[in-house]
Structures are given as structure tokens and as C-alpha cells.
Amino acid sequence: MTQKNIIYCFLFVLMGSLNTYAQIWKDPKANIDARVEDLLSKMTLEEKINYCGSRIPAIERLKIPSFEWYGEALHGIIGWNCTQFPQNIAMGSTWNPDLMFDVATAISNEARALKNMGQKEVMMFSPTVNMARDPRWGRNGECYSEDPFLMSEMARMYIRGMQGNDPKYTKTVTTVKHYVANNVDTGREKHHSIINKKDLYEYYFPAYKTCVVDEESTGIMTALNGLNGIPCSAHNWLVNDVLRKEWGFDGYVVADWTAVEGLEKRMNYAKSQPESAAMAIKAGVDQECFRNDKKQAPMVYALKPAIEQGLLTEKELDVSVRRLLRLRFMTGDFDDPSLNPYSKIPASIMECDAHKKLALRAAEQAIVLLKNDNVLPLKKNIKSLAVIGPFADRCWMGIYSGFPKSKVSPFAGLKNMSSAKISYAKGCEVTKNATDDKKIAEAVALAKKSEHVILVVGNDETTSTENIDRKSLRLPGNQHKLIKAVQAVNKNIILVLVPSGPTAITWEQNTIPGIICAWPNGQEQGTALANVLFGNTNPGGKLNSTWYKSDNDLPDFNDYNIQTGRTYMYFQGKPLYPFGYGLSYSNFKIENIELSRKKISVQENLTVHVNVSNLSTIDGDEVVQVYVRDLKTSQKTPIKALKGFKRVSVPARGTKSIKIILPYEAFSYYDTKEEQFMVEEGMFEILVGNSSDNITIAKTIAVKGGIVPSIKVGQKSGYFNSEDENRYKKWDYLYKDESSMKSSEIKEGNDVAWIAYDITFVDPGFYVNTWNAELNFTSSTKKAIVETSMAGAKIGSYTISDKQLILPITIPIPPEYGKPVRLKIKTLNGEVKHKSIKIIPPGNKEPFVINRVIAKSKN
């Protein structure tokens with residue numbers, strides 16, 4: 001071979017090797033860090049900056065399509081025909097982390113199915129683990145508990161179910177929010193939470209740490225508020241020091257909605273937008289949440305000027321972009337779908353039979369029986385039943401809900417369950433309305449001629465939601481007036497609450513014979529409630545927060561100090577219903593406690609053995625709760641603190657033995673001087689019962705003092721159970737066969753008249769649950785009934801009064817703005833002639849009218 005040929009061969013091999021290297025990011029066998037570095041090296045500064053917002057443009061030259069880093073999966077995907085499970089506050093009341101894992105698995109399977117269909121990405125802004133420290137908080141319904149341990153155990157199984165157990169690919173990206181202490185919603189963009197370090201580490205941090213360290217969650221969202229004078233999205237100690245260095249978090253951090261912009265505009269913490277963006281990146285924040293059809297996130301526009309002004313370097317920006325790119329490799333975005341087990345999840349599982357059955361089971365387990373003076377369960381031979389209240393014929397699922405095809409209201413659930421004559425009256429609106437007195441009179445008239453009354457009341461997004469805090473724990477509007485008026489004519493009342501949190505119903509507790517807390521309980525709530533009312537299901541849910549008698553029992557709303565009487569741990573008064581409380585149709589006995597040790601040494605576990613007996617003739621569930629009390633301490637410690645629990649199903653007349661393990665850290669407190677968790681040597685009480693106020697067994701044990709070692713990602717807490725079978729299940733374990741992965745729901749026929757409008761919604765720039773609208777008619781017959789639906793998901797049905805030409809309605813927010821959505825209006829009874837629909841956007845945007853009918857029935 002000539003020298004010239006040798007040179008050619010060398011160049012050929014060299015070019016081939018360079019070409020191979022150039023494609024490292026596309027090689028699924030390559031190390032993920034090498035893939036990230038390779039792709040990062042190919043990106044321009046502008047392309048890197050674009051990753052710091054929610055809508056990421058395509059990189060055409062690399063054949064990378066556009067991408068939306070924005071999804072909601074609080075208790076179901078916000079999307080059309082997605083199964084909606086009980087709201088988080090309801091899931092917390094199941095006290096069942098295994099059930100939480102099942103629900104999260106179903107939600108993430110639907111998320112993956114949507115991605116496989118090319119409809120959505122799998123970047124989810126959930127779970128919410130802000131502590132429910134005050135029931136007046138507008139987003140109280142989004143979180144699992146006021147207790148840090150119950151919150152942690154429910155959140156850990158949400159993370160595990162959402163992210164999946166595949167060793168290489170992440171099923172969905174979870175984003176734990178809102179870090180930290182965002183518990184005032186009104187004016188949250190300017191609010192600072194003032195919290196001492198002890199409360200932070202003992203109360204506000206634990207659930208985040210569990211998600212990050214034990215479950216290795218992929219993302220964190222910083223809160224809109226500030227912490228102790230520094231905005232959370234520019235808080236170097238909070239993000240870099242605690243989250244990243246102390247806990248070892250290497251995932252991505254996103255600032256809540258335009259929070260980086262807010263550093264200058266609302267917090268007055270930065271002097272300019274470039275400085276705001278530089279502050280966020282340097283504090284460890286990678287991205288700013290913002291979704292708009294025409295504009296990028298404010299942070300995106302500010303980053304290049306920040307670099308040009310010397311406030312930030314491209315190298316510092318690269319740190320954030322690496323974290324964001326890494327997640328896309330973890331989800332399998334750049335790999336052949338055949339390599340990813342989640343690419344096999346079919347479209348048929350959307351709102352499939354298995355998921356609806358799971359939604360029903362979760363709703364049944366969430367229901368809490370608060371009072372029962374021998375009026376429940378209802379007799380099956382009941383003759384007449386009045387179902388009354390603003391939530392009686394409404395399937396209210398809570399804020400951040402999607403749009404399933406199937407929804408069962410309490411009224412519909414009872415009608416499906418019983419052969420009795422079941423009648424409905426609204427009774428009043430949720431908030432005060434000029435028509436309330438007339439509606440109350442109608443409800444009273446119905447109650448007079450009915451054998452029993454089911455009265456369904458509560459509060460919704462008009463009184464408690466994002467940006468709106470509750471003004472009081474009392475029922476809003478004239479609902480209490482409605483209850484008293486109906487009770488005056490019919491004493492056979494079952495009160496059903498659909499609340500966003502603890503509600504002050506002292507008069508009702510003293511007067512009404514039966515009370516149920518049914519929560520915003522998912523799409524199967526009506527069936528679940530009917531099953532409990534008629535005894536087909538034995539209620540076993542427990543309250544996840546303290547219910548107070550009045551607003552006077554609460555400290556100042558803006559006081560974040562837990563030790564000033566907040567939660568069951570420090571509240572000195574007598575609650576209306578204690579934390580952990582819930583009745584059953586069965587009578588249980590917890591007895592024969594045995595402790596595995598007489599004395600606990602440093603880093604030793606304690607196993608608590610107890611027997612649970614069902615003394616009744618029907619099967620039922622009991623929740624065994626284990627609390628710890630430090631009997632003599634130099635520290636300010638809780639009156640008692642939950643450290644273990646287990647929901648157990650016990651057959652009629654049966655007994656089950658259970659064990660609950662308490663790790664050494666269960667006895668610890670945070671030492672602010674040593675800046676670590678420690679156990680103070682002394683005597684502790686182990687308290688076992690079925691609520692925080694109903695302790696049936698107590699035993700004392702000596703615990704040796706010591707240090708609880710600090711842990712970070714790669715290590716595990718004492719509560720981490722590596723043998724938990726949930727850590728090994730594959731995505732399809734929920735389905736018995738292929739038929740359960742499909743919906744057996746009968747398809748709707750076209751035997752009624754209908755018309756359809758196409759509506760394009762514009763992003764209002766803030767979260768809303770519904771938009772207002774008006775249907776306009778040229779004529780209608782008396783008592784005509786119309787039903788509205790969008791994308792196959794039913795919204796509601798309405799009776800039109802005589803000569804009524806304008807019908808006010810509400811329509812759900814669409815999963816995506818800027819895309820036309822079809823609103824279908826069916827005429828179920830009588831005749832209507834449609835004229836137009838008026839859309840009334842929230843905020844200050846102008847209403848607009850659509851008069852073009854895009855489609856209609858042939859009849």
C-alpha cells in the first residue's frame with residue numbers, strides 16, 4: 001500500500017470516528033451524560049436559552065421537533081377523556097399509599113398513551129406537597145394532609161407510580177411543588193413566608209425531602225412567594241444549599257408562573273429582567289413556567305441580555321440546560337420507541353374500565369363518615385328520597401381537573417342505585433344569589449313530602465381556588481340557611497359535604513343525625529356515595545386534617561409558625577373533628593400491643609405489633625395510627641406526632657395482626673445549633689389508636705440519644721422500604737386482560753337534534769377552572785332540555801324556562817389554548833333554535849360571539 005493510500009485510509013477512519021462521535025446524542029447505548037454533552041455542544045446560545053421556557057421551538061437542523069414542557073396531572077391528566085380520580089385531599093383521606101400508587105400508575109399510563117398518540121408530552125407539574133397548615137388556604141384541596149408524615153407517605157407513592165420502575169426510562173417527569181411554604185394564595189406573588197429553621201426542617205421540608213431523596217423525583221417547582229425576605233425563585237440557600245447540595249438533588253427546577261419576571265416586577269428584588277434571569281440561574285433555577293401562543297417565558301427574553309451585560313456566563317447557563325436535556329433523554333424522546341416499554345401503552349386505556357373501577361374504589365375509600373345516629377346505612381326499601389343542594393346534581397371534581405366522558409353526580413348515583421322515587425332541588429347557589437330564597441322554598445316543599453333527605457353542600461372554585469383564599473371555614477352563601485330550613489320540616493337528613501378542606505359545621509354536628517364528608521371525589525363520586533349511603537360499601541376514610549369549630553380557633557392566616565397552635569400537633573383546644581377521625585359501620589378494637597424492644601439504641605428500629613378485631617357482622621377497614629410523644633424534653637415538641645399508620649381490611653368477627661416499623665429518626669427533632677436531626681435521650685410514649693384523639697393503647701419506651709445521619713440522593717431514609725412490591729411492578733399490572741384496557745361504555749347515538757360550534761380559547765395568563773358563556777336562542781319550547789359536551793366529554797344539562805332566549809352556562813378550560821375546540825349542544829327534550837354562543841373570558845378580555853354552526857344533526 002502506497003503512502004498516499006495509507007493517508008487516505010487514515011482520513012477515512014478518522015472521518016468515520018468523528019461522524020460516530022458526532023452522533024453520540026442519538027446513540028441509546030451511550031452513557032446519558034455523554035449524550036447530554038454531545039447535544040449541548042451542538043446547540044447555539046439561542047437554542048439553549050429557549051429551553052428555559054415552557055414552549056421550546058424546534059431545532060430544524062438537528063431534526064428535533066418543538067416541545068411543550070407543560071402538563072398537569074394532579075389527580076388525573078388535564079385533557080379530554082382522561083380518567084379523573086379523587087382530588088388530593090380526598091386521596092389523603094384514604095390513608096392508603098398503595099392505592100395512591102395504583103392511581104398514579106393509571107394517571108401516568110394515560111399520560112404516556114397521550115404521548116404515544118402525539119397529543120401531549122409527559123412533563124407534569126405535580127404533586128402538590130405544600131402543607132395544609134391552614135384550612136383557609138385556597139389550594140388546600142390540592143394537597144394530602146396537614147401532617148408531614150402522612151403527606152410524605154402519600155407523595156412518595158405518587159412519585160413512584162408516576163415515574164415508573166423501568167431502570168432506564170422515566171414514564172413521566174414529576175415536578176414537586178411549590179417549594180416552599182406557599183400557603184397564602186391571595187397576593188402570593190408579593191407575599192413572604194416568615195419561618196424559623198426548626199419549622200422548616202420539621203414541618204415544611206420533610207415531604208419534599210422524601211420525594212427527592214427516597215423516590216428521586218425528577219423535578220421541583222419553586223413557589224411564587226418569598227421565604228424570609230428572599231423570593232423562592234432566587235433563593236440560593238433554599239435551592240442550591242438545601243435542595244441541591246444538602247439533599248443531592250440533580251433534577252430540574254422550574255419557577256412557578258412568571259416568578260422570575262416577578263423578581264423585578266412584583267418582589268422588587270432585582271433591578272431589571274436580565275438581573276432577574278441571572279439571579280434565578282445562579283440560585284439553581286433552570287426554567288420559568290409560562291405558556292402562551294405568541295410569546296416565550298419572560299426569562300427566555302432576559303437571558304441573552306443577561307449574558308451580554310456580564311451578569312451571567314454561557315457556561316453557567318449550560319449547567320441548567322444540561323439538567324433539562326437530561327430529562328428528555330430519560331423519557332426516551334431521542335430513542336427508537338421500540339426500546340421504551342412505555343411506548344407500548346395503547347390509546348385504548350384512556351378512561352378504560354380498569355381505570356374507572358379504580359376511580360370508584362379510590363372514591364369509596366376516601367369518604368369519611370363523620371356522624372351516624374343509627375340513620376345509616378339507608379334501608380333498601382326506602383320509598384322516597386329528596387336530593388337537595390348546589391352539589392347534589394353536580395359532579396364537582398375540584399380544581400385542576402380534566403374532562404372525562406363519564407361523570408356521575410350524587411343525584412345520578414342515587415337514581416342508579418335505588419328504585420325509590422328520587423327527586424332533586426338545587427336549594428341555593430354556592431354563593432349568595434338573588435334566587436336563593438325561591439330555591440330554598442322549593443327545597444323545603446320537596447323535603448316535606450319525602451321520606452329522607454340527602455343534602456349535598458360544599459364549596460368550589462368561586463370561594464376556594466388558586467388566587468382565592470377562603471374567607472371563613474363556614475359554608476359559603478346561603479347553604480347553612482338551606483340546611484336549617486330543610487331540617488325544620490324533615491328531621492331525616494343525611495348531610496353530605498363536598499368541601500375543599502375542613503369546614504365549621506358545629507350546628508350541623510349538634511343537630512343533623514348523619515354527616516358524611518364526600519370530598520371532590522373524582523368522576524365516580526356519585527356511585528361511591530350511593531354505595532356508602534345504602535351500605536354496599538363500609539366507609540373507612542379518615543380525616544387528614546383537623547376540623548375546627550370556628551374561625552376563632554385559628555391563628556392569623558399569615559402566621560407560618562406551626563407552634564402557635566396549628567394542626568393537631570400543637571392545637572390546645574377541642575376540635576370539631578380531630579385529625580385521623582372517621583367512623584365506620586363496623587366496630588373495631590385495637591389491642592395487644594407489643595414492642596420489639598424495651599430500649600432503643602442509636603439507629604435501631606422499633607416494631608409495633610397490634611391486633612385489630614372487627615366486632616361487627618360486616619367486613620370493614622380500620623386505620624391503625626401510631627403517634628409518638630416525647631415525655632420530657634428540652635425542646636418544643638408536638639403534643640403528639642404521627643409516625644406510622646396502616647389501613648387494614650378486617651372481615652366480620654375477624655382479627656388481623658399487623659406490624660408498623662418506626663425507624664430511629666421517628667424520635668428526632670431538628671437541632672438549629674448543630675444544624676442536624678438529633679434524638680434527645682429520654683422516655684417516649686408510643687400511642688396507638690384510630691385517631692389523634694382516640695388513643696386506645698399507650699406504652700413507654702426508653703430511647704438513647706444520638707445523631708440522625710444526614711442523607712442525600714443515593715442514600716435512603718429509615719422509612720424507605722426497598723422490598724415494597726410497588727417498586728417492582730410494571731406498567732400493565734393494573735389490567736387483568738386486554739378487555740379491561742378498553743372502555744365498555746356504550747357509544748352515544750345520534751337520535752337527538754344537535755349543533756356544534758368551534759371555539760378557540762385564548763390563554764388568559766392565569767389559572768381558571770371554567771369560563772362563562774351564554775347560549776342564545778331565537779326560540780325555545782317550554783321546559784326544553786339541552787346538554788353540552790366538548791370533545792365527547794359531557795359538561796352539563798340545562799332546563800330552559802318558558803320563552804328563555806339566553807342560557808348562562810360554564811364551559812371547562814381546554815387542555816390547550818389556541819386550538820379550536822368543538823362544543824356540541826344536544827336537545828334532549830322539546831325544541832330550540834340556536835342563534836349564537838357568547839364567550840366571556842376571565843379577566844379583562846372582551847367577550848366574543850360565535851354564530852357560525854360548524855356542524856349539526858340531520859334530523
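Worth saying up front: this structure is predicted, and the values here are computed from it rather than measured.
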> Tell me, which pairs form a salt bridge (charged side-chain N to carboxylate O under 4.0 Å, His left out) where one or both residues lie in residues 93-110, sequence neighbours left out?
Replying inline: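 Found Asp102-Arg361.
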
> If you look only at pairs with a residue in residues 70-90, which of them pass as a salt bridge (charged side-chain N to carboxylate O under 4.0 Å, His left out), with sequence neighbours excluded?
Replying inline: Glu72-Lys177

Does any N or O in the side chain of [X] come within less than 3.5 Å of the main-chain N or O of [Y], such that one atom is a donor and the other an acceptor?
X: Thr172; Y: Met162; result: yes
X: Asn544; Y: Tyr144; result: yes
X: Thr218; Y: Thr174; result: yes
X: Ser126; Y: Thr175; result: no
X: Gln163; Y: Lys171; result: no
X: Arg156; Y: Ala207; result: no
X: Asn81; Y: Pro404; result: no
X: Asp393; Y: Phe411; result: no
X: Thr503; Y: Pro499; result: no
X: Ser348; Y: Met741; result: yes

>> Please verify the inter-ring angle class for Phe101 with Tyr733; under 30° counts as parallel, over 60° as perpendicular, anything in between as tilted.
In response: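 Aromatic pair Phe101/Tyr733 classed parallel.
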
> What is the ring orientation for Phe125 with Tyr70, classed by angle as parallel under 30°, tilted 30 to 60°, or perpendicular over 60°?
Replying inline: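 If you compare the ring of Phe125 with that of Tyr70, the planes turn out perpendicular.
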
Can you give me the closest heavy-atom contact between [X] and [Y], atom names plus distance?
X: Ile422; Y: Ser418; result: CD1-CB, 4.0 Å
X: Tyr581; Y: Leu370; result: OH-O, 2.6 Å
X: Pro651; Y: Asp619; result: CA-OD1, 3.3 Å
X: Asn340; Y: Gly332; result: ND2-CA, 4.1 Å
X: Gly580; Y: Trp95; result: CA-CZ2, 3.7 Å
X: Ile345; Y: Arg112; result: CD1-CB, 3.7 Å

Should [X] and [Y] count as side-chain neighbours, where that means a heavy-atom distance under 4.5 Å?
X: Val456; Y: Val498; answer: yes
X: Met154; Y: Ser145; answer: no
X: Thr770; Y: Ile811; answer: no
X: Met417; Y: Asn536; answer: yes
X: Thr170; Y: Leu327; answer: no
X: Leu455; Y: Ile494; answer: no
X: Lys819; Y: Thr760; answer: no
X: Ser857; Y: Val752; answer: no

>> side chain to side chain contact (heavy atoms under 4.5 Å, CB included) for Lys380 and Phe534? Distances and angles first, verdict last.
In response: CA-CA 7 Å; Lys380 299 287 176 70; Phe534 282 104; 3.8 Å; yes

> Given the rule in the ring-ring contact (aromatic ring centres under 6.0 Å, His included) test, do Phe761 and Trp771 qualify, once you have shown the distances and angles that lead to the verdict?
Replying inline: CA-CA 10 Å; Phe761 294 85; Trp771 285 34; 4.9 Å; yes

> Cation over ring, Lys824 on Trp754, under 6.0 Å and within 45°?
Replying inline: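 Positive - Lys824 is close enough to the ring of Trp754 and near enough to its axis.
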
> Taking the six-membered ring of Tyr757 as reference, does the NZ or CZ atom of Arg822 fall below 6.0 Å from its centre and within a 45° cone about the axis?
Replying inline: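 No.
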
Nearest-0.5 Å distance that lies between atom [atom1] in [X] and atom [atom2] in [Y]:
X: Leu150; Y: Ser93; atom1: CG; atom2: OG; result: 8.5 Å
X: Glu364; Y: Thr537; atom1: CD; atom2: OG1; result: 3.5 Å
X: Ile399; Y: Leu74; atom1: CD1; atom2: CG; result: 7.5 Å
X: Ile795; Y: Leu823; atom1: CD1; atom2: CG; result: 5.5 Å

With a 3.5 Å cut-off and no angle check, do the side chains of [X] and [Y] form a donor-acceptor pair?
X: Tyr585; Y: Asn372; answer: no
X: Asn130; Y: Thr128; answer: no
X: Asn690; Y: Gln625; answer: no
X: Ser500; Y: Asn140; answer: no

Does atom [atom1] of [X] have more than 12 heavy-atom neighbours, drawn from other residues, nucleotides or ligands, at distances under 6.0 Å?
X: Lys421; atom1: NZ; value: no
X: Lys729; atom1: NZ; value: yes
X: Lys407; atom1: NZ; value: yes
X: Lys168; atom1: NZ; value: yes
X: Lys115; atom1: NZ; value: yes

Any salt bridge between [X] and [Y], counting N to O under 4.0 Å?
X: Glu622; Y: Lys542; answer: yes
X: Lys730; Y: Asp166; answer: no
X: Arg160; Y: Asp214; answer: no
X: Glu787; Y: Lys794; answer: yes
X: Lys356; Y: Glu524; answer: no

>> Could you go through Tyr169 and Asp335, starting from their C-alpha distance and side-chain angles, then the distance that decides it, and tell me whether this counts as side chain to side chain contact (heavy atoms under 4.5 Å, CB included)?
In response: CA-CA 10 Å; Tyr169 293 109; Asp335 294 351; 2.6 Å; yes

> Among Ser649, Ser586, Ser616, which one satisfies side chain to side chain donor-acceptor pair (under 3.5 Å) with Asn538?
Replying inline: Ser586

> Only one of Gln365, Met91, Gln523 clears side chain to side chain contact (heavy atoms under 4.5 Å, CB included) with Pro86; which?
Replying inline: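 Going through Gln365, Met91, Gln523 one by one, the side chain to side chain contact (heavy atoms under 4.5 Å, CB included) with Pro86 is satisfied by Met91 alone.
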
>> Run His75 and Tyr158 through ring-ring contact (aromatic ring centres under 6.0 Å, His included) and show every step you take.
In response: CA-CA 10 Å; His75 56 111; Tyr158 177 90; over 10 Å; no

>> Pair Asp460, Arg394 - check salt bridge (Lys or Arg N to Asp or Glu O under 4.0 Å), show working.
In response: CA-CA 11 Å; Asp460 60 9; Arg394 178 185 182 192; 2.7 Å; yes

>> Using the salt bridge (charged side-chain N to carboxylate O under 4.0 Å, His left out) criterion, which residues pair with Asp621? Sequence neighbours excluded.
In response: Arg647

